[in-house]
Amino acid sequence: MIMPSAESLSSRHLIGIEGLSPAEIGLLLDLSDRYVDFNRSANKKGDALRGRTIINVFFENSTRTRTSFELAGKRLGADVINISPEVSSVRKGETLLDTALTLDAMHADLLVVRHPESGAVGLISQKVRCSVVNGGDGAHEHPTQALLDALAIRRRKGKLSGLIVAICGDILHSRVARSNMILLRTMGAEVRLVAPRTLLPAEVERYGVTVHSNLSEGLKDADIVMMLRLQQERMRGSFVPSTTEYFRFFGLDSQKLAMAKPDALIMHPGPMNRGVEIDSDVADDINRSLIQEQVEMGVAVRMACLDLLTRDLTGNEGPAE
Ligand code: CP
């Protein structure tokens with residue numbers, strides 16, 4: 001299915017994939033493709049965001065998302081600042097909204113926020129003048145992760161529509177799963193969720209996905225196998241008997257992968273727990289693992305998001321052809 005490209009995004013915020021049209025997703029992916037080429041060139045410094053200020057505010061740990069937003073902003077010529085809650089006035093009792101309003105008052109142009117509570121980033125976007133991008137909020141959404149995953153898939157498979165994508169593991173606590181389900185279904189892919197019942201949200205079939213509790217069955221003829229981390233930090237209580245038992249039934253190894261198509265690609269948003277949800281042999285398979293490519297796509301996707309969300313402010317026209 002060829003999607004007509006939108007010319008701009010309908011919102012100045014990016015809080016979730018939910019609400020984005022196929023054309024808006026197509027626009028973001030097309031622009032990201034151009035930034036992949038830009039990032040692979042010797043001169044990785046542009047000026048589309050010169051004079052703009054981006055502030056990363058991460059209330060949860062991050063390696064990939066925070067670093068790639070910082071790189072993305074800097075490669076586009078913006079000033080980028082990182083705020084760590086541990087050394088900010090949050091530690092003195094300042095609220096999330098007061099923190100955001102304070103940064104907004106300094107004429108930040110865009111805040112990138114990660115927060116453990118679902119809905120927290122959307123709430124900030126309703127209160128501030130600047131643009132807000134969700135860097136992951138609780139188990140709600142991680143929109144730039146889904147966009148970078150879609151870009152990695154589209155570049156390797158040439159399409160999203162019609163592919164069979166198996167998303168496997170801790171779906172219940174995963175904002176990555178939720179954003180991916182919405183994006184992939186919006187773009188015409190078939191999505192299967194593979195997890196123990198204890199790690200599936202209630203009524204998840206409403207997203208137009210099918211549910212499997214047997215990994216080999218869920219992987220049958222899949223084009224893409226997307227593994228998720230067991231998010232122990234979000235678990236209140238016991239969801240799996242043990243990590244050893246979990247790996248035996250739901251961990252990806254070469255034997256279980258053999259159920260998928262011979263050219264199936266392996267994905268993981270990171271960070272990985274090797275030996276828990278994925279075996280090193282498949283994670284490091286240079287022919288089939290997209291994991292490092294996902295990280296590369298992350299910078300390009302975040303450049304496209306920053307570019308499009310600040311276009312009204314700058315009048316910039318994106319990267320040179
Ligand atoms: N995938 C992802 O969000 O990774 P980080 O937590 O390292 O940002």
Side-chain angles (χ1 to χ4, degrees), residues 14-18 28-29 32 36 39 54-75 80-86 110-122 132-153 165 167-184 199 224-235 252 265-274 276-278 283-284 289-306:
L14 179 62
I15 305 304
I17 297 297
E18 195 156 36
L28 281 159
L29 297 183
S32 301
V36 173
N39 287 335
I54 295 166
I55 307 186
N56 285 329
V57 196
F58 277 55
F59 290 86
E60 275 186 350
N61 294 347
S62 169
T63 297
R64 282 148 282 269
T65 312
R66 199 181 88 158
T67 309
S68 56
F69 266 116
E70 184 173 352
L71 267 179
K74 287 181 172 169
R75 285 184 182 171
V80 186
I81 294 167
N82 294 303
I83 304 277
S84 294
E86 303 81 52
L110 189 146
L111 301 181
V112 182
V113 185
R114 171 173 285 190
H115 197 277
E117 296 299 328
S118 298
V121 185
V132 178
V133 177
N134 185 0
D137 63 327
H140 175 226
E141 281 231 35
H142 192 348
T144 55
Q145 179 70 47
L147 287 163
L148 75 88
D149 289 340
L151 183 66
I153 297 171
V165 182
I167 306 178
C168 314
D170 184 358
I171 313 285
L172 180 66
H173 300 101
S174 179
R175 53 198 177 207
V176 173
R178 191 178 150 89
S179 291
N180 262 300
M181 277 188 264
I182 299 169
L183 187 151
L184 290 165
L199 291 177
I224 303 290
V225 181
M226 189 182 288
M227 301 308 296
L228 299 174
R229 184 172 65 88
L230 209 51
Q231 298 198 24
Q232 312 232 31
E233 76 276 17
R234 295 191 205 283
M235 295 183 186
L252 185 70
L265 298 170
I266 303 151
M267 302 180 76
H268 193 305
M272 283 183 279
N273 286 320
R274 292 170 184 263
V276 177
E277 69 266 358
I278 192 163
D284 300 333
S289 172
L290 279 186
I291 295 169
Q292 294 305 316
E293 219 164 295
Q294 287 172 267
V295 177
E296 182 191 3
M297 296 305 117
V299 181
V301 155
R302 284 155 186 144
M303 289 170 85
C305 292
L306 297 179

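One-based numbering, in listed order, for ligands and for the atoms of each.
When the heavy-atom distances from atom 3 (O) of ligand 1 to Arg229, His268, Arg64, His142 are ranked, the shortest goes to His142.
Using a 4.5 Å heavy-atom threshold, the side chains of Ser32 and Leu147 count as separate.
The shortest N/O to N/O separation between Pro271 and ligand 1 does not fall below 3.5 Å.
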Using the side chain to side chain contact (heavy atoms under 4.5 Å, CB included) rule, take Leu265 and Ile153 through it: C-alpha gap first, then chi angles, then the decisive distance, then the call. CA-CA 8 Å; Leu265 298 170; Ile153 297 171; over 6 Å; no
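No side-chain N or O of His268 forms a donor-acceptor pair with one of Arg229 less than 3.5 Å apart.
Close contacts between ligand 1 and Gly270 involve ligand atoms 1 (N), 2 (C), 4 (O) [criterion: under 4.0 Å to a heavy atom]. With ligand atoms numbered from 1 in the order given, ligand 1 contributes 5 (P), 7 (O), 8 (O) to contacts under 4.0 Å with heavy atoms of Thr63.
Annotation: the span from Glu277 atom CD to Leu252 atom CG amounts to 10.0 Å, rounded to 0.5 Å.
Taking the centre and axis of the six-membered ring of Phe69, the NZ or CZ atom of Arg302 falls inside the cone set by 45° and 6.0 Å.
Contact annotation: Gly136 has no heavy atom less than 4.0 Å from any atom of ligand 1.
Within the structure, salt bridge (charged side-chain N to carboxylate O under 4.0 Å, His left out) pairs that include any residue of residues 289-298 comprise Arg40-Glu296, Arg156-Glu293 (at least two apart or interchain).
Contact annotation: for Glu60 versus ligand 1, there are no heavy atoms closer than 4.0 Å. The part of Arg114 lying near ligand 1 is the side chain, judged by heavy-atom distances below 4.0 Å.
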